[in-house]
Each structure stands twice: as C-alpha cells, then as structure tokens.
Amino acid sequence: MPLATKATVKGLEPREVAELGYDMVLGNTYHLFLDPGHELIARFGGLHRFMGWDHPIVTDSGGFQVFSMGHGTVADEIKARPPAAATGGRERAGKVLAIEEDGVRFRSHLDGSEKLLRPETSMEVQAALGSDLALVFDECTPFHVDRDYTARSTQRTHRWLDRCLSWHAEHGPTDQLVYGIVQGGVHEDLRVESAQAVAASSSDGIAIGGSLGADKEEIYRVTGWATAVLGGRDELRPRHLLGIGEVDDLIAGVELGIDTFDCAMPTRLGRHGMALVPDPDHRWRVDLGAARWRDSREPIMEGCPCPACAAGHPRGYVRYLLKSRELTALRLLSIHNLAFLSRLMADLRHAIAAGTLAQTARALRSGAAPGEVPEVPATS
RNA sequence: UCCGGGGUAGCUCAAUUGGCAGACGCGUUCGGCUGUUAACCGAAAGGUUGUGGGUUCGAGUCCCACCCCCGGAG
C-alpha cells in the first residue's frame with residue numbers, strides 16, 4: 001500500500017491511486033494528530049471523506065515517528081549517522097523528550113509545543129480518523145541499542161498492545177480492525193517471544209516492525225523468525241511487514257509469508273527523480289534526472305502499461321520536467337513506480353494461486369518485467 | 001566615432017592598500033533515501049581571471065594596445 005501519511009498520496013489524486021491497482025493506503029496518527037487534528041477530520045466525517053478515498057485505510061500509530069524524531073531515517077540509524085546528517089546539519093525541530101511507561105513525551109516538529117502520546121491517545125485518534133485498520137502504539141526499537149534495552153522496550157510494547165486493545169474493545173469503532181506489532185529487534189528469542197505475544201492477543205492482524213537489521217540478509221532472517229511463529233495453519237490473520245518496500249524485499253517478504261506491505265519508497269523515489277525498472281543490477285532504479293537522458297526518446301520503461309508510459313512520455317521529456325522543477329515529473333514517476341509495484345504484487349499473488357511462487361520470484365529477481373512474467377507450470 | 005560600465009568555474013557573481021582565485025544558487029558527476037519532519041539530503045569535479053605586452057619580489061587588481069558585450073551620446 002502506498003503511504004498517505006498526511007492524508008494524501010503525495011502528488012496523486014485518490015482516483016489515480018485506485019486505478020493503479022491499490023485497495024489500501026496508510027495514513028499517520030502522528031501527523032494528522034498534530035495537523036490538522038483528528039477532531040477536525042472527524043468533523044469532516046472521518047479520514048475517508050476528508051481525503052476522498054472510499055477504499056480501506058490503515059493508520060499508523062505514531063510509534064515510528066518517535067523513532068524518527070530520535071534517529072532520523074532508518075538508513076541513517078543503521079549506518080550510525082547522526083540524525084543531523086539527514087537534515088543537512090539543521091536541527092530537527094521535533095524531539096523526543098521521554099519514552100515512559102505511560103507514553104511518549106515529545107516536542108512537535110511543527111510548533112515546538114510539548115505533547116504526550118499514549119497508547120490510548122493513539123487509539124483515540126485513530127478511532128476519530130475512522131480508519132478501517134488501526135495499528136497499536138509501539139516503540140520502533142532502533143538497531144543501535146543493546147539487547148537489554150530491546151528486551152525492556154519490547155516488553156513495554158506488549159503492555160502497550162494490551163492497553164490499545166483494551167481501549168479499542170471499550171471505545172473503538174466496531175468496524176475498525178486492530179493490528180498488533182511484533183518487535184524484538186534482531187534477537188531471535190525476543191522476536192519469537194514478541195510474535196507469540198501478538199499472536200496470543202485478540203489482535204485482528206499481525207504487523208512486524210522495528211529496525212529489522214543492518215542488511216537485507218539480516219532483514220529477511222529476522223522477518224523469518226517472526227513469520228515462522230505465525231505460520232501455523234490455524235493462523236489465518238493477515239501479516240503485514242511495516243515499512244518495507246524495495247523490489248527485492250517485497251519478493252523476499254512474500255516468500256516468507258508476508259501478506260501486505262507499506263512503504264514510502266515508490267512515491268519518494270519518484271519525487272526524487274528515480275523510476276523503478278526491471279534492472280536488478282541497479283537496484284531496480286534509474287535516475288531520470290541524469291543528463292544522459294537529455295535526448296532520449298526511450299520510454300520511462302520499455303513495454304510498461306502504466307499511464308505515464310502509455311502516454312508515450314520519453315525519458316528526455318521527463319528529465320526536462322525534473323530539471324525545470326515541474327510537478328508533472330514527480331507525478332509521472334510516482335504513478336509509474338506505484339504501477340510497477342502493483343504489477344509486481346499481482347504477479348506474486350497469481351503465482352501463489354498457481355503454485356509457482358518460487359519460479360515467479362526467481363524470474364522477477366533476475367529482471368523479468370512485472371506483468372510480463374512468463375507462465376510457468378507448477379513443479380510441485 | 002566618442003563617453004561610461006563590464007569580460008573570473010558550464011551559468012549567475014565575489015575577491016581589502018597589488019599578497020595562497022572563492023562563494024551561493026543552478027548545472028554536471030557520484031552517493032544516499034524502506035511504518036515520509038523528505039518535490040529531499042550528502043559529496044566531488046570543475047580555472048592559462050577576454051588576448052598580447054609592460055611595471056613589480058609578486059598582477060584578477062596598476063599601465064599600454066587590441067578583441068568582445070551592455071548602456072548612453074552623435
């Protein structure tokens with residue numbers, strides 16, 4: 001699902017997002033709580049009506065933003081770069097003041113005011129937003145903390161899980177589902193314990209979160225620990241992998257038994273001038289802002305049926321738009337990237353139904369274009 | 001033709017009494033971006049200071065000639 005953090009998939013209209021094959025978008029409690037405020041959105045009849053999206057909405061709990069205020073980006077934190085490096089040396093306006101049992105005290109990045117976000121607050125905000133699926137308030141444990149901190153943090157997240165579910169059972173909308181979140185860092189026993197705790201709860205679905213590891217291999221290993229616990233045949237609840245969305249990660253995630261994903265990557269990369277293409281050697285990306293495309297009549301991606309490519313816009317045009325800072329370029333690439341991932345996921349779904357997941361995954365990983373993966377007979 | 005202003009990094013512009021030729025932005029190249037504080041961030045490359053002489057220990061800077069650009073006058 002694309003991110004609609006601040007009640008919009010940046011640059012796109014709801015109709016366009018739906019036409020690209022998406023059923024769900026993810027909005028954010030933290031952002032909408034601070035601005036424009038959940039009460040205002042409730043007065044507009046809820047987030048669906050406010051943003052004009054009549055399909056399902058997931059709302060994130062705000063837990064990740066606490067992490068973000070303290071550590072910047074996931075990559076910065078894993079690479080042990082100070083948060084300032086990500087902001088060009090500027091002081092980050094938002095700041096975590098304290099993570100306590102009751103909740104998180106922080107300073108708003110918008111006006112510097114001090115706020116308190118408790119598990120109950122998060123659920124209350126999400127109830128007011130009227131999302132179809134709420135995420136419990138958790139602490140997204142960083143990579144660079146010791147095992148002891150991770151253990152204590154994960155335990156606290158479990159207690160917050162109970163508080164969220166209790167609040168929701170008593171006050172939450174009856175038609176709103178709640179997903180618990182598995183934490184536990186990169187420690188197998190903690191991950192397993194956390195997965196068991198969430199699985200044992202009344203949570204409607206299971207999300208896997210936290211900093212999953214320093215590299216892809218570790219991310220997959222850690223994810224696998226959790227999904228293995230959740231993999232029983234009687235476990236029919238959907239599994240969501242939070243924040244993951246690079247092409248190879250989606251393929252690996254599906255193979256590990258993940259059902260849904262959300263990620264800023266396709267739209268953010270698009271706004272940064274990058275188009276997703278079936279090119280594993282270059283991380284499935286091409287930078288269309290590069291001068292070498294100045295005269296290129298090549299499409300964004302050969303054979304791509306997405307609206308941006310189907311319209312026939314050549315790379316030379318997209319590059320020109322990017323360099324002249326025209327918003328159309330960011331829209332075209334956001335559309336293309338979302339369409340690319342939409343087809344990728346469709347391929348994987350079809351492969352699961354056909355019993356050919358391994359073959360399809362192999363083809364996609366070796367550079368097959370999503371939507372054009374050759375039909376392969378099931379081998380087992 | 002005369003008067004005035006000006007030629008410095010690909011572009012736009014700095015540079016104290018003559019004293020290590022620089023910056024911001026753009027551009028270029030490279031790197032980064034994973035539950036978005038992000039139409040963003042970081043790094044690098046890039047120069048015979050219009051040309052030719054001269055003065056000086058030393059010239060982007062002062063002097064002479066020439067070439068080009070802009071404005072004004074005729």
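Chain A is the first sequence line, chain B the second, and so forth, proteins listed ahead of strands; every chain is numbered from 1. From a predicted model like this one, the values you see are computed outputs, not experimental measurements.
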> When the nearest nucleotide of RNA chain B is assigned to Gly63(A) and to Ala291(A) on a heavy-atom basis, which residue is associated with the more 5' position?
Replying inline: Ala291(A)

> Distance between the P atoms of C41(B) and G27(B), in whole angstroms?
Replying inline: 12 Å

>> Just to be sure I understand the rule, does Leu322(A) reach a base, reach only the sugar-phosphate, or reach nothing, if contact means heavy atoms closer than 4.0 Å?
In response: nothing

> From the list U29(B), A39(B), U36(B), which nucleotide is the closest neighbour of the side chain of Phe64(A)?
Replying inline: U36(B)

> Which nucleotide, U36(B), U28(B), A39(B), lies nearest any side-chain atom of Ala264(A)?
Replying inline: U36(B)

>> Please determine whether a side-chain nitrogen or oxygen atom of Lys95(A) lies at a distance below 4.0 Å from atom OP1 or OP2 of U37(B).
In response: no

> Quick one: is U34(B) close enough that its OP1 or OP2 comes under 4.0 Å of any side-chain N or O from Arg285(A)?
Replying inline: no

> Donor-acceptor pair, Ser68(A) side chain versus Phe64(A) backbone, under 3.5 Å?
Replying inline: no

>> Tell me whether the rings of Tyr30(A) and His109(A) are parallel (<30°), tilted (30 to 60°) or perpendicular (>60°).
In response: parallel

> Taking atom C1' of U37(B) as reference, at what distance in whole Å does atom CZ of Arg271(A) sit?
Replying inline: 12 Å

> How would you label the contact of Ile181(A) with the nucleic acid (heavy atoms, under 4.0 Å): base, sugar-phosphate, or nothing?
Replying inline: base

>> OP1 or OP2 of C33(B) versus the side-chain N and O atoms of Thr73(A): is any pair under 4.0 Å?
In response: no

> To the nearest angstrom, how far is Leu12(A) atom CG from U36(B) atom P?
Replying inline: 17 Å

> So what does the secondary structure string of RNA chain B come out as, 5' to 3', with Watson-Crick or wobble pairs under 3.5 angstrom, [ ] for crossing and | for pairs with another strand?
Replying inline: (((((((..((.(.....[..)..)).(((((.......))))).....(((((..]....)))))))))))).

> How is Gly213(A) classified with respect to the nucleic acid when contacts are heavy atoms under 4.0 Å: base, sugar-phosphate, or nothing?
Replying inline: nothing

> Rounding to the closest angstrom, what is the interatomic distance between U49(B) and C33(B) at atom C1'?
Replying inline: 40 Å

>> Using whole Å, what does the distance between atom C1' of nucleotide U28(B) and atom OH of Tyr320(A) come to?
In response: 19 Å

> Between atom CZ in Phe261(A) and atom C1' in G35(B), what is the gap in whole Å?
Replying inline: 13 Å

>> Check for me whether Arg319(A) meets the cation-pi criterion with Trp293(A), that is, NZ or CZ under 6.0 Å from the six-membered ring centre and within 45 degrees of the ring axis.
In response: no

> Of Phe67(A) and Leu330(A), whose nearest nucleotide on RNA chain B comes first from the 5' end?
Replying inline: Phe67(A)

>> Counting the atoms with a prime plus P, OP1 and OP2 as sugar-phosphate, which does His240(A) contact under 4.0 Å by heavy atoms, base, sugar-phosphate, or nothing?
In response: nothing

> Within less than 4.0 Å of OP1 or OP2 of G35(B), is there a side-chain N or O belonging to Asn28(A)?
Replying inline: no

> With rounding to whole Å, what would you report as the distance between U29(B) and C20(B) at their P atoms?
Replying inline: 34 Å

>> At 4.0 Å (heavy atoms only), tell me whether Ile244(A) reaches a base, stays on the sugar-phosphate, or touches nothing.
In response: base

>> Measuring only the C1' atom in each nucleotide, how far is G7(B) from U12(B)? A whole number of Å is fine.
In response: 14 Å

>> Do Arg156(A) and Trp160(A) form a cation-pi contact, if we require the NZ or CZ to be under 6.0 Å from the six-membered ring centre and within 45 degrees of the ring's axis?
In response: yes

>> Quick check on U28(B): is either OP1 or OP2 less than 4.0 Å from any side-chain nitrogen or oxygen of Lys323(A)?
In response: yes

>> For a quick check of understanding: with a heavy-atom distance under 4.0 Å over all strands, which category does Gln183(A) fall into, base, sugar-phosphate or nothing?
In response: base

> Is there a donor-acceptor pair closer than 3.5 Å between any side-chain N or O of His240(A) and the backbone N or O of Thr260(A)?
Replying inline: yes

>> Quick one: does any side-chain atom of Thr121(A) pair with a main-chain N or O of Leu117(A) as donor and acceptor, under 3.5 Å?
In response: no

>> Nearest 0.5 angstrom please: Asn28(A) CG to Gln65(A) CD, how far?
In response: 4.0 Å

> Is any side-chain nitrogen or oxygen of Gln65(A) closer than 4.0 Å to OP1 or OP2 of U37(B)?
Replying inline: yes

> According to a strict under-4.0 Å criterion, is Arg294(A) in side-chain N/O contact with OP1 or OP2 of U28(B)?
Replying inline: no

> Do the side chain of Arg163(A) and the main chain of Glu120(A) share a donor and acceptor less than 3.5 angstrom apart?
Replying inline: no

> If we take the C1' atom in both G6(B) and G50(B), what is their distance in whole Å?
Replying inline: 11 Å

> Any stacking of His272(A) on C40(B), going by centres under 5.5 angstrom and planes within less than 30 degrees?
Replying inline: yes

> Counting only N and O atoms by type, is there a donor-acceptor contact under 3.5 Å from the side chain of Thr154(A) to the main-chain atoms of Gly184(A)?
Replying inline: yes

> Distance between the C1' atoms of A21(B) and G60(B), in whole angstroms?
Replying inline: 8 Å

> So, does the side chain of Asp138(A) form a donor-acceptor pair with the base of G35(B) at under 3.5 Å?
Replying inline: yes

> What distance, rounded to whole Å, do you find between the two P atoms, one in C26(B) and one in G42(B)?
Replying inline: 11 Å

>> Say we look at G10(B) and G46(B): how far apart would their C1' atoms be, to the nearest angstrom?
In response: 9 Å

> Rounding to a whole Å, what distance do you find between Ile78(A):CD1 and G32(B):P?
Replying inline: 15 Å

> What integer distance in Å separates Asp76(A):CG from C40(B):P?
Replying inline: 17 Å

> Taking atom types as they are modelled, is there a donor-acceptor pair under 3.5 Å from the base of U36(B) to the side chain of Ser68(A)?
Replying inline: no

> Taking it one step at a time, do Leu338(A) and Leu12(A) satisfy side chain to side chain contact (heavy atoms under 4.5 Å, CB included)?
Replying inline: CA-CA 11 Å; Leu338(A) 287 178; Leu12(A) 303 187; 3.6 Å; yes

> From U36(B), A38(B), U34(B), pick the nucleotide closest to the side chain of Lys6(A)?
Replying inline: A38(B)

> In whole angstroms, how far is the C1' atom of C40(B) from the CE atom of Met265(A)?
Replying inline: 13 Å

> Between Asn337(A) (side chain) and Leu276(A) (backbone), is there a donor-acceptor pair under 3.5 Å?
Replying inline: yes

> Rounded to the Å, how far apart are Asp60(A) CG and G35(B) C1'?
Replying inline: 4 Å

> So does Arg268(A) get a side-chain nitrogen or oxygen closer than 4.0 Å to the phosphate oxygens (OP1/OP2) of C40(B)?
Replying inline: no

